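Note: hydrogens, waters and symmetry copies are ignored here, and every other heavy atom, side chains too, is used. This one's a predicted model, so the numbers in the text were calculated from it and none came from an experiment. Starting from 1, each residue takes its place in the sequence as its number.
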Amino acid sequence: MSTSLLFRDDAYLREADARVLTADGNGVIVDRTPFYAQGGGQPGDRGRIVREDGSAVTVLDTVYGADKSTVLHRTAPGETLPQPGETVRLILDWPLRHARMRVHTALHLLSVALPYPVTGGSIGDGEGRLDFDIPDAGLDKELVTARLREMIAQDAAVTTRWISDEELLANPGLVKTMSVKPPMGSGRVRLVAIDGLDLQPCGGTHVTRTGEIGTATVTAIEKKGKQNRRVRVTLS
């Protein structure tokens with residue numbers, strides 16, 4: 001029993017039909033989903049599960065099951081859930097998802113503007129942050145903002161492809177994060193490429209061109225330790 005992750009192949013897929021595998025007090029697991037499951041600093045998607053009779057169940061959050069092979073669509077207590085075997089339609093909260101896609105791609109560009117090891121990060125709804133291992137201070141918000149906007153204005157294509165675990169091990173420089181390593185063991189790893197700018201392992205959802213990010217502004221650079229700097233970005 002597993003869930004096919006439709007968002008990996010098409011981040012713009014807003015809804016899809018699926019078959020219910022299980023449904024209980026924790027939520028609903030289906031055989032395929034366009035909903036992104038929480039991970040890599042990106043929150044799980046929200047939305048609705050619509051049954052054949054037209055009734056709908058609200059999805060509050062989306063997470064992986066314990067074995068990472070299924071996706072649990074968490075629902076509110078007291079909801080009348082569909083039954084195993086039932087065909088349902090999953091509909092994303094698209095404005096929320098799209099906002100997170102724009103932020104996620106902007107953070108990839110931030111890791112180019114600041115080429116230091118990444119120690120953490122978080123993706124919000126129109127804003128996000130990355131933490132960097134930087135040996136000295138002196139970062140300038142205006143300069144980093146200008147570099148970000150320059151890359152966004154290039155309207156570079158954002159694409160994905162897969163490489164083998166062995167290829168990733170042979171190219172350790174692709175991994176920018178210090179504390180979180182790309183999931184390995186399935187035999188392949190997903191890469192996100194920003195044409196001419198960046199290439200790194202990532203399982204998240206992204207826009208297809210940097211111009212879609214919009215206007216990015218570095219709003220704060222915070223000291224979080226001797227060598228740790230937290231850089232916050234807001235989109236408009």
After noting the C-alpha distance and the side-chain angles of Thr119 and Asn228, does the key distance pass the side chain to side chain donor-acceptor pair (under 3.5 Å) rule? CA-CA 8 Å; Thr119 59; Asn228 199 43; 2.8 Å; yes
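- In this structure, the side chain of Arg190 engages the main chain of Cys202 through a donor-acceptor pair within 3.5 Å.
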The test is side chain to side chain contact (heavy atoms under 4.5 Å, CB included); show your working for Lys224 and Phe132 and say whether it passes. CA-CA 10 Å; Lys224 292 296 180 179; Phe132 295 91; over 6 Å; no
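- Between the Ser69 side chain and the Ser2 main chain, no donor and acceptor come within less than 3.5 Å of each other.
- A donor atom on one side chain and an acceptor atom on the other are found under 3.5 Å apart for Glu167 and Ser164.
- Side-chain atoms of Arg97 do not come within 3.5 Å of backbone N or O of Tyr12 as any donor-acceptor pair.
- Between Arg102 and Ser236, the closest heavy-atom pair is NH2-O, 3.5 Å.
- Using a 4.5 Å heavy-atom threshold, the side chains of Val192 and His108 count as touching.
- When all heavy atoms are compared, the tightest approach of Gly124 to Val103 is O-CG2, 3.9 Å.
- Once rounded to the nearest 0.5 Å, the distance linking CG of Leu174 with CG of Asp198 reads 9.5 Å.
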With side chain to side chain contact (heavy atoms under 4.5 Å, CB included) as the criterion, how do Thr3 and Ile29 come out once you've worked through the C-alpha distance, each side chain's angles and the decisive distance to 0.1 Å? CA-CA 8 Å; Thr3 303; Ile29 294 175; 3.9 Å; yes
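- Considering every non-hydrogen atom in both Pro115 and Ala113, the closest pair reads CD-O, 3.4 Å.
- Considering CG of Leu107 and NE2 of His206, their distance stands at 9.0 Å, rounded to 0.5 Å.
- In terms of modelled atom types and a separation under 3.5 Å, the side chain of Ser122 and the main chain of Arg129 share no donor-acceptor contact.
- In this model, no donor atom of one side chain and acceptor atom of the other lie less than 3.5 Å apart for Thr210 and Gln154.
- Contact check for Tyr64 versus Leu5: side-chain heavy atoms found under the 4.5 Å cut-off.
- Between the side chain of Thr105 and the backbone N or O of Met101, at least one donor-acceptor pair lies under 3.5 Å.
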Carefully, step by step, assess Thr205 and Gln42 under the rule side chain to side chain donor-acceptor pair (under 3.5 Å). CA-CA 9 Å; Thr205 58; Gln42 181 172 333; 2.8 Å; yes
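- With values rounded to the nearest 0.5 angstrom, Ile152 atom CD1 is found 9.5 Å from Ile194 atom CD1.
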Between Thr217 and Arg149, is a side chain to side chain donor-acceptor pair (under 3.5 Å) present by the stated rule, with each step listed? CA-CA 8 Å; Thr217 303; Arg149 291 181 178 180; 2.8 Å; yes
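- Residues Pro43 and Ile123 have side chains in contact (heavy-atom distance under 4.5 Å, counting atoms from C-beta outward).
- Heavy atoms from other residues, nucleotides or ligands lying under 6.0 Å from CZ of Arg161 number 12 at most.
- With hydrophobic clusters built from ILVMFWY side chains whose heavy atoms lie under 4.5 angstrom apart, Val231 shares a cluster with Tyr116.
- Cluster membership for Leu92 and Leu90, using ILVMFWY side-chain heavy atoms within less than 4.5 angstrom, is shared.
- In this structure, Leu139 and Ile134 have side chains that are in contact, with non-hydrogen atoms separated by less than 4.5 Å.
- Of all heavy-atom pairs between Thr87 and Glu52, the closest is O-CG, 3.4 Å.
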Under the side chain to side chain contact (heavy atoms under 4.5 Å, CB included) rule, what do Thr62 and Val71 come out as? Steps first, then yes or no, please. CA-CA 7 Å; Thr62 317; Val71 171; 3.2 Å; yes
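- The main-chain N or O of Ile221 is never found under 3.5 Å from a side-chain atom of Arg229 such that the two would form a donor-acceptor pair.
- Under the 4.5 Å side-chain heavy-atom criterion for Ile, Leu, Val, Met, Phe, Trp and Tyr, Leu81 and Ile91 are members of distinct hydrophobic clusters.
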Could you go through the salt bridge (charged side-chain N to carboxylate O under 4.0 Å, His left out) check for Arg209 and Glu212 one step at a time? CA-CA 6 Å; Arg209 304 197 70 88; Glu212 196 174 335; over 6 Å; no
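- A distance of 8.5 Å separates OG1 of Thr75 from CG of Asn26, quoted to the nearest 0.5 Å.
- Taking a cutoff of 4.0 Å between a charged side-chain nitrogen and a carboxylate oxygen, Arg19 and Glu86 do not qualify as a salt bridge.
- In terms of heavy-atom proximity, Ala99 sits nearest to Gly126 at CB-N, 4.1 Å.
- Residues Thr22 and Val28 fail the side-chain proximity criterion, which asks for heavy atoms closer than 4.5 Å.
- Counting only distance, with no hydrogens or angles, the side chain of Asp155 and the backbone of Gly211 share a donor-acceptor pair below 3.5 Å.
- Between Arg46 and Asp61 there is no salt bridge, since none of the side-chain N atoms of the basic residue sits less than 4.0 Å from a carboxylate O of the acidic one.
- Partner of Leu114 under the side-chain contact (heavy atoms from CB on, under 4.5 Å) criterion, out of Leu109, Val144, Leu148, Leu130: Val144 alone.
- Of the possible polar contacts, one joining the Thr145 side chain to the Lys141 backbone as a donor-acceptor pair under 3.5 Å is found.
- Between Pro82 and Ala23, the shortest heavy-atom contact is O-CB, 3.2 Å.
- A distance of 11.0 Å separates CG in Asp31 from CE in Met1, rounded to the nearest 0.5 Å.
- Side-chain heavy atoms closer than 4.5 Å link hydrophobic residues (I, L, V, M, F, W, Y) into clusters, and following such links, even through other members, never connects Leu60 to Tyr36.
- Taken to the nearest 0.5 Å, the CD atom of Glu127 stands 6.0 Å off from the OG1 atom of Thr234.
- Counting only heavy atoms from C-beta outward, the side chains of Ile213 and Leu235 approach each other to under 4.5 Å.
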Show your reasoning for whether side chain to side chain contact (heavy atoms under 4.5 Å, CB included) applies to Val112 and Met151. CA-CA 9 Å; Val112 177; Met151 289 186 286; 3.7 Å; yes
Go through the steps to decide whether Arg232 and Glu222 satisfy the test salt bridge (charged side-chain N to carboxylate O under 4.0 Å, His left out), and finish with yes or no. CA-CA 8 Å; Arg232 298 186 182 275; Glu222 306 164 4; 2.7 Å; yes
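- Put simply, the side chain of Asp67 reaches to within 4.5 Å of the side chain of Thr70, judged on heavy atoms.
- Hydrophobic clustering, with ILVMFWY side chains joined whenever heavy atoms are under 4.5 angstrom apart, groups Leu197 together with Val233.
- Not one N or O on the side chain of His73 forms a donor-acceptor pair closer than 3.5 Å with the backbone of Val59.
- Asp165 places a side-chain heavy atom less than 4.5 Å from the side chain of Val189.
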